[in-house]
Amino acid sequence: MYTHLPQLQSLAQRLPDQLTEADKVELEAIYQQCLENLDDSEAMFGYVLAKAMRKHVAGGQSNEHIYVQQFEIPQIRLFELLIQQLPLAALTQKCANALLVESLNNVQNPVLLDIGIGTGMQIVNVLQLLAQQPDCRVKQITVVGIEPFAEAIQAAEKNFAELQLPFQVSFTSFIGFVEKMMLAEIRALLPTHYDALVVNASFALHHIQQAAQREAVFGYIRDLAPKAFVLSEPVSDHFEPHYATRFHNAVTHYGLVFEVIDSLDITNKEKAALKLFFSREIDDVLGYTEDVRVEKQYATHQWLELFKTTGFTLGKLLTSYDVQKMNGAILRTDLTERYAVVFKDEEITNVFLATP
């Protein structure tokens, strides 16, 4: 499908440190050729791959070409497209939110711990959905957000303060990385008295760089004895240290993501903007060295193994949703031990529901 892919795959075999001068010239030529034709889907995919590979060759130093500024759109519109139009995010979040609501619904005084809460918009949606349930028993809910970026926490505080709901919402937060916390620090964020704890982590835990740190965080979550732990993640092994193998995995995953974007009923400029958003992830996956990479997604089997190693049981709470298809993507509820958003028979994202 992609014209330059065989050449780039061949070059990836010799990265990170065996490229010849001729290889570098070839990579630069592919980059420039694709850059001149970014309105074309194939050229755009070639561009984002070649850009990331150039970055790796340059030791992580490479700025976005000024030419791509023509595809910039307002940040708020970009996130609207990501959440509302892109089925990978929309269907994944619909699934996760329904599981969270089902877990919270019959509890008078629950705690919802969100790791990587960002601006809190997913949890705002969960609380609004919870309030709409005819049998909702919640009287008071404590939302605890762990998030490395202070600006995001400030936005979350504002978003929660503006809510008008039939139950009380209190919000407490910690600014930092969950993998650098100890169990006692996480436990100290929780109120003294509550009826049940539900934990959510949405597209956040693959940023934990070391496997041992992931195991520790899962162990802490287990020791908090949650009623439910809902994990949403992309599906692709970008934890893989071998460059050529990781390149193959990234091409498969992001190639499908780009195909989904091409199927959307939005402008070409908006499609390009979405692709450039994902190109920042690709820059990390293919452009940086092992010690600084943070886009280290797992494949399904790696998450399943981590759950089992740390003493979790995986379950299925719901088997049907209002919307299960969107722009060629399907939310599969019939898979063993997980939910998945599937496109062209490939799992693109997973949602897991776990209990200790």
Hydrophobic cluster membership, with links at side-chain heavy-atom distances under 4.5 Å among I/L/V/M/F/W/Y: are F149 and L82 in one?
no
| field | E281/Y254 under side chain to side chain donor-acceptor pair (under 3.5 Å): CA gap, chis, key distance, verdict | value | CA-CA 10 Å; E281 282 189 21; Y254 291 110; 2.6 Å; yes
Item checked: ILVMFWY cluster, I221 and V143 together (side-chain gap under 4.5 Å) -> no
- Do NZ/NE/NH1/NH2 and the carboxylate oxygens of K51 and D283 come within less than 4.0 Å? yes
- Decide if atom NE2 of H193 counts as having more than 12 heavy atoms of other residues, nucleotides or ligands within a radius under 6.0 Å. no
Is a donor from one side chain sitting under 3.5 angstrom from an acceptor on the other, for N249 and S236? no
Is there a side-chain contact (heavy atoms from CB on, under 4.5 Å) between Y298 and V235? Walk through the geometry before answering. CA-CA 6 Å; Y298 267 172; V235 178; over 6 Å; no
Item to check | Any donor-acceptor N or O pair under 3.5 Å, side chains D114, N200 | outcome: yes
Residue set satisfying ring-ring contact (aromatic ring centres under 6.0 Å, His included) with F174, at least two apart, ordered chain then number -> none
Please check if the side chain of K94 supplies one atom and the backbone of A89 the other of a donor-acceptor pair under 3.5 Å. no
**Asked** Cation over ring, R222 on F307, under 6.0 Å and within 45°?
**Response** no
Next on the checklist: Quiz question: by atom type and distance under 3.5 Å, do the side chains of Q297 and D237 form a donor-acceptor pair?
Outcome noted: no
- Taking the side chain as every heavy atom from C-beta outward, state whether E26 and L11 have any pair of such atoms under 4.5 Å apart. yes
Between R137 and V107, is there a side-chain heavy-atom distance shorter than 4.5 Å? no
### Message
Would you say that I186 contacts L113 through its side chain, given a criterion of any heavy-atom pair below 4.5 Å between the two side chains?
### Response
yes
Exercise. What class does the angle between the rings of F352 and W303 fall in, given that below 30° is parallel, 30 to 60° is tilted and above 60° is perpendicular?
Worked result: tilted
- I115 versus L205: any side-chain heavy-atom pair under 4.5 Å? yes
Side-chain heavy-atom pair Q108, V138 within 4.5 angstrom cut-off = no
### Message
Using a 3.5 Å distance criterion without hydrogens, assess whether the side chain of N159 forms a donor-acceptor pair with backbone atoms of A155.
### Response
yes
| Just by distance, with hydrogens left out, do S170 and Q140 show a side-chain donor and acceptor under 3.5 Å apart? | yes
Looking only at heavy atoms, the pair that brings V342 and E347 closest together is CG2-CG, 4.0 Å
When you measure from the side chain of Q302 to the backbone of A299, do you find a donor-acceptor pair of N or O atoms at a distance under 3.5 Å? yes
Do H253 and F258 have side chains that approach each other closer than 4.5 Å (heavy atoms only, starting at C-beta)? no
| Do the side chain of E147 and the main chain of I175 share a donor and acceptor less than 3.5 angstrom apart? | no
request  = Please answer: with hydrophobic residues joined when any side-chain heavy atoms are less than 4.5 Å apart, are I282 and V260 in the same cluster?
outcome  = yes
Check: R214 side chain, H206 main-chain N or O, donor-acceptor pair, under 3.5 Å
yes
- Task: May I have the step-by-step check of side chain to side chain donor-acceptor pair (under 3.5 Å) for D262 and S41, ending in yes or no?
- Result: CA-CA 8 Å; D262 281 331; S41 293; 3.1 Å; yes
_Less than 4.0 angstrom from a charged side-chain N to a carboxylate O is my criterion; do R246 and E290 meet it?_
yes
* Asked: Should P110 and Y194 count as side-chain neighbours, where that means a heavy-atom distance under 4.5 Å?
  -> no
(message) Looking at E305 and K308, is any side-chain nitrogen of the basic one under 4.0 Å from a carboxylate oxygen of the acidic one?
(response) no
In terms of hydrophobic clustering (I, L, V, M, F, W, Y; side-chain heavy atoms under 4.5 Å; direct or indirect links), are L183 and F312 co-clustered?
yes
Heavy-atom closest pair (T355 atom, K227 atom, distance to 0.1 Å) is CG2-O, 3.0 Å
- Would you kindly check if the NZ (Lys) or CZ (Arg) of K275 is within the cone defined by 45 degrees around the ring axis of F45 and under 6.0 Å from the six-membered ring centre? no
Trace of the ring-ring contact (aromatic ring centres under 6.0 Å, His included) decision for F177 with H207
CA-CA 10 Å; F177 294 93; H207 294 133; 9.3 Å; no
Looking at A29, is its backbone amide N or carbonyl O close enough to the side chain of Q32 to form a donor-acceptor pair, meaning the two atoms are under 3.5 Å apart? no
Pair D135, N105: side-chain N/O donor-acceptor within cut-off below 3.5 Å: yes
Heavy-atom nearest pair, H238 first then A250, reads NE2-CA, 3.4 Å
_Side chains of V144 and F171 in contact at under 4.5 Å (non-hydrogen atoms)_ = no
Residue pairs passing the salt bridge (Lys or Arg N to Asp or Glu O under 4.0 Å) test with at least one member in residues 154-166, sequence neighbours excluded, are K158-E162
- Item | R280/E295 under salt bridge (charged side-chain N to carboxylate O under 4.0 Å, His left out): CA gap, chis, key distance, verdict | CA-CA 10 Å; R280 293 172 208 145; E295 295 293 345; over 6 Å; no
Worksheet item: Any donor-acceptor pair under 3.5 Å linking the side chain of Q209 with the backbone of R293?
Response: yes
> Does L353 share a hydrophobic cluster with I123, counting links as ILVMFWY side-chain heavy atoms below 4.5 Å and allowing steps through other members?
Replying inline: yes
Does any N or O in the side chain of Q213 come within less than 3.5 Å of the main-chain N or O of Q210, such that one atom is a donor and the other an acceptor?
yes
Less than 3.5 Å apart, any donor N or O on the side chain of Q9 or H248 sitting next to an acceptor on the other?
no
* Asked: With a distance cut-off below 6.0 Å to the six-membered ring centre and an angular limit of 45° from the axis, does K296 pair with F239 as a cation-pi contact?
  -> yes
*Quick one: sort the F229 and F218 rings into parallel, tilted or perpendicular, breaks at 30° and 60°.*
perpendicular
(Q) Taking the six-membered ring of Y31 as reference, does the cationic atom of R54 (NZ for Lys, CZ for Arg) lie under 6.0 Å from its centre and within 45° of its axis? (A) yes
- Query: Just by modelled atom types, is the L224 backbone N or O under 3.5 Å from a matching donor or acceptor in the R187 side chain?
  - Reply: no
Got more than 12 heavy atoms from elsewhere within 6.0 Å of CG, D291? yes
All heavy atoms of L15 vs all of H56, minimum pair found to be CD2-CD2, 4.3 Å
Note to self: Quick check against the 3.5 Å criterion: does N37 have a side-chain atom that pairs as donor or acceptor with the backbone of Q33?
What the structure shows: no
